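The structure under discussion appears below in the form of structure tokens.
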Number of protein chains: 2
Amino acid sequence: MREFGNLKEKLREKGFKLTPQRRSILDTIMENEGKHLSTEEIYDVVKRRCPEIGLATVYRTMQIFDEVGLVYKHNFDDGRSRYEVTNNEDHQHHHLVCIKCGKVLEVEEDLLEQLENQVEQKYNFSITNHNVKFLGYCGKCR
Amino acid sequence: MREFGNLKEKLREKGFKLTPQRRSILDTIMENEGKHLSTEEIYDVVKRRCPEIGLATVYRTMQIFDEVGLVYKHNFDDGRSRYEVTNNEDHQHHHLVCIKCGKVLEVEEDLLEQLENQVEQKYNFSITNHNVKFLGYCGKCR
DNA sequence: ATCAATGCAAAGATTTTGCATCAAG
DNA sequence: CTTGATGCAAAATCTTTGCATTGAT
């Protein structure tokens, strides 16, 4: 489990406060690790422990968390953004997206270092993260 | 240059017709290869040679083209979908997205075959395409 | 006291849909 | 004729914004 001290610091660094709402949101996405919740889904869950919260607050909070690097904003092509906590890894892991049923699996391997180094040199680009999706058919659908 | 016969066939296979509107849209995105046009941008260009066309038609057409595999639908996190012709390659090339200025560069290298093979075996998943974005800072912004 | 954060409602933006009309086989 | 495709406008979604209020420091 991750310590709150770090998080608070991470927010403070950029001039943000750790309000009860933000903390509830953080709790929620940490408890639902690997689920890729959308903003509205997060809102629905958070409302249970924090009934007065507004949807706009969740939207604003997710923007901040993304900016600060607490979460990663995914696009799985279903019309809404989905979020995942970044577990202090500097790089995102990869995802398998089934183009039939839409299921999203996670891949543990990274293995892109070598490729990234090549690309950084050749294109004069400083890579801070990557986003890798493999599209295809999952076991059930193929 | 690609032949229209193939395209028409590709559409027909799935029961779609190659109408003048669809053809104009296809011309437009082929003439703007590498530009990642959004639906509205495509609409603006197509209107010049096809003034009676409606935005909804462009949206519907892009859905079909994506489904048929004529284009690839990108998300560069600017709030709209952007499209690119798939040059009969079975796999997408990669992109460098600058998180400061938003510029998108293309990477020619693929080099994911090995990783994909590993992943296919381990996760019992049949990969048909991939989507790889490297996030970071371009030459100007870093 | 100050200044950010919140909640609510309204506004924005992109995308989809309903429906009458058009076009092609 | 019949069926899909189109254009227009309206609707549906997701997301952002304006503003008065609240809440810490």
Side-chain angles (χ1 to χ4, degrees), chain A residues 4 7-28 36-68 70-71 73-83 102, chain B residues 4 7-28 36-68 70-71 73-83 102:
Chain A
F4 268 121
L7 304 177
K8 212 168 169 181
E9 216 175 290
K10 243 182 173 177
L11 286 171
R12 282 264 173 69
E13 267 174 33
K14 308 237 182 182
F16 300 114
K17 295 174 188 165
L18 184 55
T19 64
Q21 288 91 335
R22 290 179 184 166
R23 191 160 180 160
S24 293
I25 292 170
L26 204 42
D27 285 344
T28 296
H36 311 110
L37 296 182
S38 69
T39 312
E40 193 119 19
E41 285 166 353
I42 295 167
Y43 171 64
D44 288 339
V45 177
V46 169
K47 237 184 346 190
R48 296 211 280 265
R49 80 176 77 173
C50 191
E52 74 289 358
I53 202 171
L55 179 56
T57 300
V58 184
Y59 271 102
R60 284 186 282 235
T61 300
M62 297 320 291
Q63 279 185 344
I64 291 172
F65 284 1
D66 185 27
E67 193 181 327
V68 173
L70 251 37
V71 300
K73 182 180 184 176
H74 282 290
N75 177 289
F76 294 127
D77 231 19
D78 61 349
R80 69 210 66 188
S81 291
R82 298 185 166 278
Y83 296 89
Chain B
F4 268 121
L7 304 177
K8 212 169 167 178
E9 216 177 289
K10 243 181 172 177
L11 286 172
R12 282 263 172 67
E13 267 174 32
K14 308 236 180 180
F16 300 114
K17 295 174 187 165
L18 184 55
T19 64
Q21 288 91 335
R22 290 179 184 167
R23 191 162 182 159
S24 292
I25 291 171
L26 205 42
D27 286 344
T28 296
H36 312 108
L37 297 182
S38 70
T39 312
E40 192 119 18
E41 286 167 352
I42 294 167
Y43 171 66
D44 287 338
V45 177
V46 168
K47 237 185 344 190
R48 295 210 280 265
R49 78 177 77 175
C50 191
E52 75 288 0
I53 202 172
L55 180 56
T57 299
V58 184
Y59 270 102
R60 284 187 282 235
T61 300
M62 296 321 292
Q63 278 186 345
I64 290 171
F65 284 0
D66 185 27
E67 192 180 329
V68 173
L70 250 37
V71 300
K73 183 180 183 176
H74 282 290
N75 177 288
F76 294 128
D77 231 19
D78 61 349
R80 68 209 69 182
S81 291
R82 297 185 167 278
Y83 296 90

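Quick note on labels: first sequence line is chain A, next is B, and so on, each numbered from 1. Since the structure is predicted, the reported quantities are computational estimates derived from the model, not experimental observations.
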For [X] and [N], is the shortest distance between a side-chain N/O and OP1 or OP2 below 4.0 Å?
| X | N | result |
| --- | --- | --- |
| B/Ser81 | C/dT15 | yes |
| A/Arg60 | C/dT6 | no |
| B/Tyr59 | C/dT15 | yes |

Nearest heavy atoms of B/Glu67 and B/Phe16, plus distance in Å: OE2-CZ, 4.2 Å

For the student: nearest non-hydrogen atoms of B/Ile25 and B/Phe65, plus distance: CG2-CE2, 3.9 Å

Segment of DNA chain D, first to last nucleotide, that comes within the 4.0 Å heavy-atom reach of chain A: D/dC14 to D/dG18

Given atom [atom1] of [X] and atom [atom2] of [N], what is their separation to the nearest angstrom?
| X | N | atom1 | atom2 | value |
| --- | --- | --- | --- | --- |
| B/Glu52 | C/dT21 | CD | C1' | 14 Å |
| A/Gln21 | C/dT6 | CD | P | 5 Å |
| A/Arg23 | C/dA5 | CZ | P | 16 Å |
| A/Leu11 | C/dA4 | CG | C1' | 13 Å |
| B/Glu67 | C/dT16 | CD | C1' | 15 Å |
| B/Met62 | C/dT17 | CE | C1' | 19 Å |
| A/Arg22 | C/dA4 | CZ | P | 11 Å |
| A/Asp78 | C/dT16 | CG | P | 12 Å |

With sequence neighbours left out, what residues match [X] under salt bridge (charged side-chain N to carboxylate O under 4.0 Å, His left out)?
| X | answer |
| --- | --- |
| B/Arg49 | B/Asp27, B/Glu31 |
| B/Arg82 | B/Glu41, B/Asp78 |
| A/Arg60 | none |

Which residues share a side chain to side chain contact (heavy atoms under 4.5 Å, CB included) with A/Glu40, sequence neighbours left out: A/Ser38, A/Asp44, A/Leu55

Residue whose nearest DNA chain D nucleotide is more 5′ - B/Leu55 or B/Phe16: B/Phe16

Close residues, residues 40-51 of chain A, relative to DNA chain C [heavy-atom separation under 4.0 Å]: none

OH on B/Tyr83 to NE2 on B/His36, rounded to 0.5 Å: 13.5 Å

Rounded distance [0.5 Å steps], CG in A/Asp77 versus CG in A/Asn75: 5.5 Å

Flag, side chain of B/Arg23 to backbone of B/Leu18, donor-acceptor distance under 3.5 Å: no

Touch class at under 4.0 angstrom, heavy-atom based, for B/Ser38 against every strand present: nothing

Nearest-nucleotide comparison on DNA chain C, the residue closer to the 5′ end among B/Gly79 and B/Ala56: B/Gly79

